[in-house]
There are 2 protein chains.
Amino acid sequence: MTGRSDWSSHVHAVLAGAGFRRGGARERVIDLLAGESCALSAVEIEDALRAKGRPTGRASIYRVLELLGEHDLVERVEVGDGVARFEPAHPGGEHHHHLVCDRCGRLVAFDDPGLERAIGRLSDRLGMRVDHHEVVLRGSCETCG
Amino acid sequence: MTGRSDWSSHVHAVLAGAGFRRGGARERVIDLLAGESCALSAVEIEDALRAKGRPTGRASIYRVLELLGEHDLVERVEVGDGVARFEPAHPGGEHHHHLVCDRCGRLVAFDDPGLERAIGRLSDRLGMRVDHHEVVLRGSCETCG
DNA sequence: GCGATAACGAGACTCAATCTCATTTCATGG
DNA sequence: CCATGAAATGAGATTGAGTCTCGTTATCGC
Ligand SMILES: [Zn+2]
Ligand SMILES: [Zn+2]
Ligand SMILES: [Zn+2]
Ligand SMILES: [Zn+2]
């Protein structure tokens with residue numbers, strides 16, 4: 001179980017190691033994401049930071065998310081509503097996938113070792129390098145029955 | 001193995017059965033998709049139809065795709081470039097998933113019974129209704145090695 | 001044919017995401 | 001401690017996929 005501040009220090013270590021300076025916007029975005037276990041959109045991040053009295057430019061938010069993505073520090077989640085969401089990516093590779101409720105739009109996280117094994121075997125069989133995978137289930141969440 | 005014109009007649013049967021009239025734009029989009037085995041974006045459809053001398057309004061293309069989607073006649077494919085793509089959905093439920101090449105952006109289709117079984121077992125375990133699933137792998141295609 | 005109404009399409013509009021560029025902040029070494 | 005060059009930031013303009021509006025056109029049951 002990888003904790004929140006764990007992720008934050010990992011992020012800082014990776015970025016410092018890659019020679020990046022520090023900056024206010026980057027710290028604010030990382031702080032916010034470190035307190036989230038599931039995905040936020042760039043607009044949600046912008047709103048959340050403004051609400052916390054830490055307003056941050058849109059361009060900076062997208063830049064930070066792009067940088068984190070390039071270093072495999074965030075996971076990009078797309079569920080088909082035209083908005084990209086981002087969640088902390090843990091160094092050990094442990095991750096979850098999402099079920100989207102077609103009624104209320106809620107995101108439900110899950111993980112499944114059987115699914116991961118199947119994807120691993122599939123990747124071997126394909127004979128191409130597979131770096132990453134995304135799985136989205138659609139259905140109804142518990143609330144919407 | 002479901003053929004192209006097979007899909008087209010299936011589409012017409014379903015839509016006629018649901019009481020929809022025919023119309024030029026709808027026919028043109030269905031004809032075009034029937035000749036494709038993998039996914040096209042709305043813009044690609046618009047361009048392809050114009051290039052074929054069958055120009056079709058953007059609003060109509062999106063309306064047709066939405067209608068086909070509501071009746072499970074097309075599959076919506078999102079690979080994270082901010083564009084939705086659409087491909088024929090076959091009535092038997094047979095389908096494929098996609099690997100996206102991070103270098104050239106190419107889409108490579110694949111299917112894998114083991115993956116489908118794992119998703120089936122997972123759906124049962126979750127205890128929620130799961131209607132649909134999407135899997136996207138990222139890596140390099142054969143050309144980009 | 002006629003009429004009711006479904007289907008269509010030009011173009012305005014929305015909004016997430018990107019781009020520009022002037023300003024601010026950082027790290028370093030003098 | 002300050003000067004300096006580079007990196008980081010952010011306000012605002014811009015892009016472009018996707019949606020909406022509404023007047024026109026086509027379909028089909030009669
Ligand atoms: Zn999540
Ligand atoms: Zn996984
Ligand atoms: Zn495909
Ligand atoms: Zn499948």
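The sequence lines fix the lettering, A, B, ..., with proteins before strands; numbering per chain opens at 1. Quantities reported herein were computed from a predicted structural model and do not represent experimental measurements.
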A:L65 CG to C:dA16 P, in whole Å, measures 14 Å

Q. Touch check for A:R63, heavy atoms < 4.0 angstrom, all strands: base, sugar-phosphate only, or nothing?
A. base

Between CZ of B:R22 and P of D:dG29 the distance, given in whole Å, is 12 Å

Separation of D:dA17 atom C1' from B:R76 atom CZ, nearest Å, is 11 Å

Quick check on D:dT19: is either OP1 or OP2 less than 4.0 Å from any side-chain nitrogen or oxygen of B:Y62?
no

Going by distance alone, is a donor N or O of one side chain under 3.5 Å from an acceptor N or O of the other, for B:E87 and B:H95? no

Exercise. Given C:dA7, is OP1 or OP2 found less than 4.0 Å from the side-chain N or O atoms of B:S60?
Worked result: no

Here the distance between atom C1' of D:dA8 and atom CG of A:L15, to the nearest Å, is 13 Å

B:R28 near the nucleic acid: base, sugar-phosphate alone, or nothing, with a heavy-atom cut-off under 4.0 Å? sugar-phosphate

| Taking the side chain as C-beta and beyond, is there a heavy-atom pair between B:H97 and B:L137 under 4.5 Å? | no

note: A:F86, atom CZ; C:dA16, atom C1'; distance rounded to Å ~ 11 Å

A:E66 CD to D:dT9 C1', in whole Å, measures 15 Å

task: Please determine, by modelled atom types, if A:E134 and A:H98 share a side-chain donor-acceptor pair under 3.5 angstrom.
output: no

Whole-Å distance, A:I61 CD1 to D:dA11 P, equals 10 Å

Base of D:dA6, side chain of A:R21 - is there a donor-acceptor contact under 3.5 Å? yes

To the nearest angstrom, the CG-P distance between A:D47 and C:dA17 comes to 12 Å

NE2 (B:H133) and CG (A:L99) are apart, to the nearest 0.5 Å, by 12.5 Å

Contacts of A:R26 and B:A59 projected onto DNA chain D by closest heavy atom; the upstream (5') one is A:R26

Check: Within the structure shown, what part of the strands sits under 4.0 Å from B:T56 by heavy-atom distance: base, sugar-phosphate, or nothing?
Finding: sugar-phosphate

Distance-only donor-acceptor test (3.5 Å): side chain B:R58, base D:dG16: no

Of B:A42 and A:A25, the one whose closest nucleotide on DNA chain D sits nearer the 5' end is A:A25

Open item on the list: With no hydrogens and no angle check, just 3.5 Å: does a side-chain donor-acceptor pair link B:E75 and B:H90?
Closed with: no

